[in-house]
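Just below is one structure, and these are the notes that go with it.
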There are 2 protein chains.
Amino acid sequence: MQDKGLRITKVRRALIQLFSEHSIPYTANQIEKKLFAIGILVNKTTIYRELQFLSQNGYITEVYLHSNEISYESAELKHHHHLVCESCGNVDDVINCLVSELNREIYQKKKFKIRTHTLEFYGTCAKCAHIKHIK
Amino acid sequence: MQDKGLRITKVRRALIQLFSEHSIPYTANQIEKKLFAIGILVNKTTIYRELQFLSQNGYITEVYLHSNEISYESAELKHHHHLVCESCGNVDDVINCLVSELNREIYQKKKFKIRTHTLEFYGTCAKCAHIKHIK
DNA sequence: ATTGTATTGCAACTGTGTTGCGTTTACACT
DNA sequence: AGTGTAAACGCAACACAGTTGCAATACAAT
Ligand SMILES: [Mn+2]
Ligand SMILES: [Mn+2]
Ligand SMILES: [Zn+2]
Ligand SMILES: [Zn+2]
């Protein structure tokens, strides 16, 4: 796996396992709590550095769901987007992506070479809509 | 325009004019510089409060282009998305939006009611691609 | 001109994320 | 197993966007 002088520490192992088991995006704070819950007490700085490391080495990718906090998810997931519930914060996946159809068109029209894109949906999930309805 | 006790201050007037003249998204910092350049020296807090005010009252809308800073643009612009050049930072508009086609499909499949969505493109603009090429 | 209150500046604060540095730890090599 | 080295760590200090409390100021209506 890492034979370039990289080491398998307990935090690194825990994070890789977390991201491979769950396909949900996590923030640094959520990860801190998750690790604490399984008995791993680790400094915030270490988490930030590890997320940076995993991101730069292609294990995880950044996801922008909230304006002030970066989320991360496994880089092995197929290209997809997110449904973010503004009521409960739950995040679900959307597999559809019509965006790639635009790439050629945008390049021809604007000569802008798209490297990546973000597409996130904000609204109300089924559960929250139901709760609001019965109130 | 505002007959609900709201006042026309020099900052408010300047911001409304800025956003109506330019269809570019601006951050609080960019606005501070813009205002300074036309002789209006104003505290950052005031800018943040004014952006909050204009946003809550429907004059401007938030745009998420960078992970740590909120941009704002006129709320009167037609629905569109952005081409953000990762090399020079220039922001261009994209009018195409295939996303609305997904709304019904997503609701039927997931019962998730979409209120809004963000769709931003990151890559290299024509100018930067050209510069890189001749180097 | 006087007056009520919306707006402002300032200072202190919050929260995410980063950096420098001395210490600890993993692990490769003997 | 013992040891050297660099990766990884914790801690403290920092950077920076954005917020809040409060006293001072400015707008606009009388
Ligand atoms: Mn996802
Ligand atoms: Mn725009
Ligand atoms: Zn996509
Ligand atoms: Zn759209």
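Side-chain atoms are counted along with the backbone in the values below, which use heavy atoms only and exclude waters and symmetry mates. This one's a predicted model, so the numbers in the text were calculated from it and none came from an experiment. Chain A is the first sequence line, chain B the second, and so forth, proteins listed ahead of strands; every chain is numbered from 1.
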Length of the NZ-C1' vector between A:Lys44 and D:dA8, whole Å: 19 Å

Separation of atom CD in A:Gln52 from atom P in C:dT16, rounded to whole Å: 17 Å

Side-chain donor-acceptor contact under 3.5 Å, A:Asn29 with A:Thr27: no

Interatomic distance, B:Arg49 CZ vs C:dA11 P [rounded to whole Å]: 14 Å

Residue whose nearest DNA chain D nucleotide is more 5′ - A:Thr9 or B:Arg13: A:Thr9

Atom-to-atom span, NZ of B:Lys10 to P of D:dA28 - whole angstrom: 13 Å

Nucleotide nearest A:Asn68 when distance is taken to its side chain, options D:dC11, D:dG21, C:dT16: C:dT16

A:Tyr64 versus A:Glu62, side-chain donor and acceptor atoms under 3.5 Å: yes

Nearest listed nucleotide, side chain of B:Asn29, among C:dG9, D:dG10, D:dA17: D:dA17

Under 3.5 Å donor-acceptor, B:His130 side chain and B:Cys128 backbone: no

Residues A:His66 and A:Glu120: side-chain donor-acceptor under 3.5 angstrom: no

Value in whole Å for how far the P atom of D:dC9 lies from CG of A:Leu51: 11 Å

Shortest side-chain distance from A:Thr45, nucleotide among D:dA8, C:dG9, C:dT18: C:dT18

Criterion ring pair (Phe, Tyr, Trp, His ring centres under 6.0 Å) on B:His117 and A:His82, from CA distance to verdict: CA-CA 10 Å; B:His117 64 262; A:His82 299 102; over 10 Å; no

Protein-nucleotide distance (A:Leu6, atom CG; D:dA6, atom P), rounded to Å: 14 Å

Out of D:dA17, D:dG10, C:dC10, whichever nucleotide has its closest atom nearest the side chain of B:Tyr48: D:dA17

Out of D:dC9, D:dC11, C:dG9, whichever nucleotide has its closest atom nearest the side chain of A:Val11: D:dC9

base_contact_polar (D:dA7 base, A:Arg7 side chain, donor-acceptor, <3.5 Å): yes

Options C:dT16, D:dG18, D:dC9, nucleotide nearest the side-chain atoms of B:Ala28: D:dG18

side-chain N/O B:Asn43 vs C:dT8 OP1/OP2, d < 4.0 Å: no

Side chain of B:Ile70 (C-beta onward), nearest among D:dG18, C:dA11, D:dA12: D:dG18

D:dG10 phosphate, OP1 or OP2, under 4.0 Å from A:Thr46 side-chain N/O: yes

Whole-Å distance separating the CD atom of A:Glu50 from the C1' atom of C:dT16: 18 Å

Closest to the B:Glu69 side chain, choosing from C:dT16, C:dC10, D:dA17: D:dA17

Nearest-angstrom distance from the residue atom CG of B:Leu41 to P of D:dA26: 14 Å

